[in-house]
Protein chains: 4
Amino acid sequence: MRSNIDLIGQEPGRTFTETARRAQIMAAAIDTIAEVGYGQASLARIAEKATTSKGVICYHFDGKEELVREVVAELVARGAAYMRPRIEAESTGAGMLRAYVESNLAFLRENRNHVVATVEIVLNARGADGRRHFETGPGAASVAALRELLAHFQAAGEFRSGFDPLVLAMAIRAAIDNVAHQLVSNPELDVRHHARELADLFVHATSPREPSEGAGQ
Amino acid sequence: MRSNIDLIGQEPGRTFTETARRAQIMAAAIDTIAEVGYGQASLARIAEKATTSKGVICYHFDGKEELVREVVAELVARGAAYMRPRIEAESTGAGMLRAYVESNLAFLRENRNHVVATVEIVLNARGADGRRHFETGPGAASVAALRELLAHFQAAGEFRSGFDPLVLAMAIRAAIDNVAHQLVSNPELDVRHHARELADLFVHATSPREPSEGAGQ
Amino acid sequence: MRSNIDLIGQEPGRTFTETARRAQIMAAAIDTIAEVGYGQASLARIAEKATTSKGVICYHFDGKEELVREVVAELVARGAAYMRPRIEAESTGAGMLRAYVESNLAFLRENRNHVVATVEIVLNARGADGRRHFETGPGAASVAALRELLAHFQAAGEFRSGFDPLVLAMAIRAAIDNVAHQLVSNPELDVRHHARELADLFVHATSPREPSEGAGQ
Amino acid sequence: MRSNIDLIGQEPGRTFTETARRAQIMAAAIDTIAEVGYGQASLARIAEKATTSKGVICYHFDGKEELVREVVAELVARGAAYMRPRIEAESTGAGMLRAYVESNLAFLRENRNHVVATVEIVLNARGADGRRHFETGPGAASVAALRELLAHFQAAGEFRSGFDPLVLAMAIRAAIDNVAHQLVSNPELDVRHHARELADLFVHATSPREPSEGAGQ
DNA sequence: TATGAATGAGGGTTCATTCAT
DNA sequence: TATGAATGAACCCTCATTCAT
């Protein structure tokens, strides 16, 4: 399962060879991390998969941290490029929410290892002091953007009032990322099915019609 | 923030001091993992927090893996003991679902480090070959039990038909575990608020009343 | 040429074995540094000379820096213990100055490698940022103490007035350390001869009798 | 603080650009070594300061060793050219000795980094086997020349008899080089003051008038 | 039973140098 | 001629584990 990192054009200030090599190493890193997890993905293992040496990696990336940061940045950019038009094609809140979930998981389906690796990195990468390198919580950009969307349509009356858009945004992201996470141990997992189900789920959860809760509560 | 591992009674075949020592080491492991993450929680760091040496840990636990397995097992047992009566006190599906979410997060509130550490372990612990040590997906016991509950009340008509109980169970677990995960970088996070919100969220999502989705999809 | 590190008694909080091992490793470090210089004295080389592994060194010393710091500290303590009584046995300024130089070089003669290694370390050890780890200049303790002595007898009239005690102290230390430095490439160098000559030299330089300088300046 | 390497004329067998390139690289090497020390001055760091790459350096200099040798050679030549006329302008022994010390330190004042770097190199540069690349002891040319001067005027009776010219020469060189060495950590050090003081010092030390040493020795 | 000591593999990174273009 | 790319050894250090006492 080879990852496909085809950078469109060269990055500025880099030679052609350099760009290609970086892409190749990133692909090796992605596959390694997706397969054995962030903690087990040593430079040696990555180098082996790229059929090079650790030295080469450090030559091109000045350290593991930059390599990993680059993998994440690449994915974030590509993910946004993939999802945004699909979301903006919708006009209603429910449509956009559904498009968000489904396009995200469609992107996952088409970029399995890259997404899986990124989730691994983001959840696990920490400095020597134990502090995380990537933000995933309330302050994270992805959560903030989703929260914005939810809050907008809640204010517009398309979503039921009464839920906290931040909590919901975090829950949605957690549910989506979890699918990627599960993909590691369960490669057969039906991502398309999960996409539809999760979209339904959160559309229902935000639907303005007051549900009857039974006598219980 | 010291973790409190008071094992109820002695474990079979262990002396009193042995049991106490194990509890002390487990507490140190929990606090260390909760603070710096699984990957950075070396035996040395754990030993330091326990004011012992690595040798002692390996003597009592025959390896890091067993220590970590024990931490998880302990938590699972305690978590179940805490949550089960609170869930079973309810009679309706919505009540039970709400109780599940809220008691789980209440338990988190009262056992912060232990839960946080367990989530860290379960998500990250892998063997040298990269295979996970703990199952978190469809096959995991926690997911299976929750799926059972959801399926039961769906069949009984208390929950709307049409959702896949497995997908929902996984989403719920992901959302809950995510709260624990966030707690690491974000100790001020209002767990009680998240509990109420998430309970509402999933109750709405399972409500049988058909919501109107607008024109979108 | 084996260095002799016989620590008198155990250091507090250390077992007998530990103390012995540290001494052995320090001896190996001293000999290695004295022979190949600070820059070439890798842990691997030191370990080889100690017939152990790098791991053992790091177990006992938590890093190369501490090992090296310890080597210096040990020498400073021993050097002071050796020199002080010999200096204090004198009553005149010239006597003390001569005793300073001669006892220092006598100590060098009897602790060749240790002194040589220390000079190497002090002159060369730097952090990653390029800053020196040890002070050798005006602020260094050794220079300050010597300056004190010179200033005292200058004020008392035993030394000629008109010289800057700090500059002289630095020159004396440089001349002495230089002997140690030369010893590396010239093991046959007659330290005793240098001792006498340097003592004469600085005694003359501080003598109160006004010398006639000829027409020149 | 940029070093100024203006090679007088082109070196034989080298194009103009080649010569200029070498000068630029040497200047970068000098500044780097002066700032961070010989041990920390890797080709990478030097290349960075010269805004080139390591490859370029190795192309022009066939190894680090030659680069460093060139830096030293350049300085020795310039230093001699600076000092010789100033020394030869004097006629007395004391005058020449004073001129030696003062012109050397004046040269240091005007070529700070180059001198500092050279001292760093000469004291530290060693091969993989630990053998020094540069001689600084009795056999070194600089020491030999100074010894010659001292011996000459001692024989002529201008300096007191009874001191070993070699030991004194080494002491003088050590004292002077030490000033350069201190300049690294202590850029504010008053070189002019040290020059005057050291000149006085050694003039006194060589003065023929027998000083009275007090009762002590 | 309990622990200090040792192990040796592997971690990421930097190094001076060589090579293909 | 000039340089970006690659090399692979060596750097210091940390790791989980085992062993002798």
Side-chain angles (χ1 to χ4, degrees), chain A residues 14-22 25 39-47 51-68 128, chain B residues 14-15 17-18 21 39-47 52-68 128, chain C residues 13-22 25 39-47 52-68 128, chain D residues 14-15 17-18 21 39-47 52-68 128:
Chain A
R14 294 220 164 82
T15 67
F16 171 76
T17 324
E18 159 110 73
T19 304
R21 211 79 164 99
R22 281 172 70 97
I25 292 170
Q40 279 64 40
S42 67
L43 284 190
R45 248 207 256 238
I46 294 171
T51 50
T52 1
S53 65
K54 291 186 291 175
V56 176
I57 296 181
C58 284
Y59 170 70
H60 287 285
F61 278 96
D62 103 11
K64 192 186 192 182
E65 199 180 317
E66 197 215 326
L67 167 56
V68 140
Chain B
R14 295 218 163 82
T15 67
T17 43
E18 163 87 15
R21 207 78 153 111
Q40 280 64 41
S42 66
L43 287 189
R45 251 207 252 236
I46 294 171
T52 4
S53 65
K54 291 186 289 180
V56 176
I57 296 180
C58 284
Y59 172 71
H60 286 285
F61 278 94
D62 157 303
K64 192 186 191 183
E65 198 180 318
E66 197 217 326
L67 166 57
V68 139
Chain C
R14 294 222 162 82
T15 66
F16 171 76
T17 325
E18 159 109 74
T19 303
R21 210 80 162 101
R22 282 173 69 97
I25 292 170
Q40 279 64 39
S42 67
L43 284 190
R45 247 205 257 239
I46 294 170
T52 2
S53 65
K54 292 184 290 176
V56 176
I57 296 180
C58 285
Y59 170 71
H60 287 285
F61 278 95
D62 103 12
K64 191 186 191 182
E65 200 180 316
E66 198 216 325
L67 167 56
V68 141
Chain D
R14 294 221 164 80
T15 69
T17 43
E18 164 87 16
R21 207 79 152 111
Q40 279 64 41
S42 66
L43 286 190
R45 250 207 254 234
I46 294 170
T52 4
S53 64
K54 290 185 289 180
V56 176
I57 296 179
C58 284
Y59 173 71
H60 287 284
F61 278 96
D62 151 312
K64 192 186 191 183
E65 197 180 319
E66 197 216 328
L67 166 57
V68 138

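Here is how names work: the chains are called A, B, and so on, in the same order as the sequence lines, proteins then strands, and each is numbered from 1.
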Polar atom pairs (N or O), protein with nucleotides 1-4 of chain F, under 3.5 Å:
from  : atom 1 : to      : atom 2 : distance (Å)
F/dT3 : OP2    : D/Arg21 : NH2    : 3.1

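Here the C1' atom of nucleotide F/dC13 and the CD atom of B/Gln40 are 15 Å apart, to the nearest Å. Atom CZ in C/Phe16 sits roughly 20 Å away from atom P in F/dA20 (whole-Å rounding). Per the geometry, CD1 belonging to C/Ile46 stands 8 Å off P belonging to F/dC12, to the nearest Å. Here the P atom of nucleotide F/dT18 and the CZ atom of B/Phe61 are 16 Å apart, to the nearest Å. When rounded to the nearest whole Å, the span between CG of C/Asp62 and P of E/dA5 equals 14 Å. Atoms CD1 (C/Ile57) and P (F/dT14) sit 14 Å apart, rounded to a whole Å. Atom NZ in B/Lys54 sits roughly 10 Å away from atom C1' in E/dA6 (whole-Å rounding).
Going from atom CD of C/Glu18 over to atom OH of C/Tyr59 covers 6.5 Å, rounded to the nearest 0.5 Å. In this structure, OG1 on D/Thr52 lies 5.5 Å from CZ on D/Arg21, to the nearest 0.5 angstrom.
Across C/Cys58 and C/Leu43, no two heavy atoms sit closer than the pair SG-CD1, 3.9 Å. Looking at every heavy atom in both residues, B/Phe61 comes nearest to B/Leu67 through CD2-CA, 3.6 Å. Of all non-hydrogen atoms in A/Ala47 and A/Lys54, the two that sit nearest each other are CB-N, 3.7 Å. Nearest heavy atom pair, residue B/Ser42 against residue B/Lys64, reads CA-NZ, 4.4 Å.
For the helix from E/dA2-F/dT21 to E/dT21-F/dA2, the rotation axes defined at the first and last 5 base pairs enclose an angle of 20°, given to the nearest 10°.
The base of E/dG12 has none of its N or O atoms less than 3.5 Å from a complementary donor or acceptor on the side chain of A/Lys64.
Base contact: D/Leu43 has a heavy atom under 4.0 Å from a base atom.
Here the side chain of A/Arg22 pairs a donor or acceptor atom with the backbone of A/His60 at under 3.5 angstrom.
Looking at which nucleotide of DNA chain E each of A/Gly63 and D/Gly63 is closest to, the 5′-most match is held by A/Gly63.
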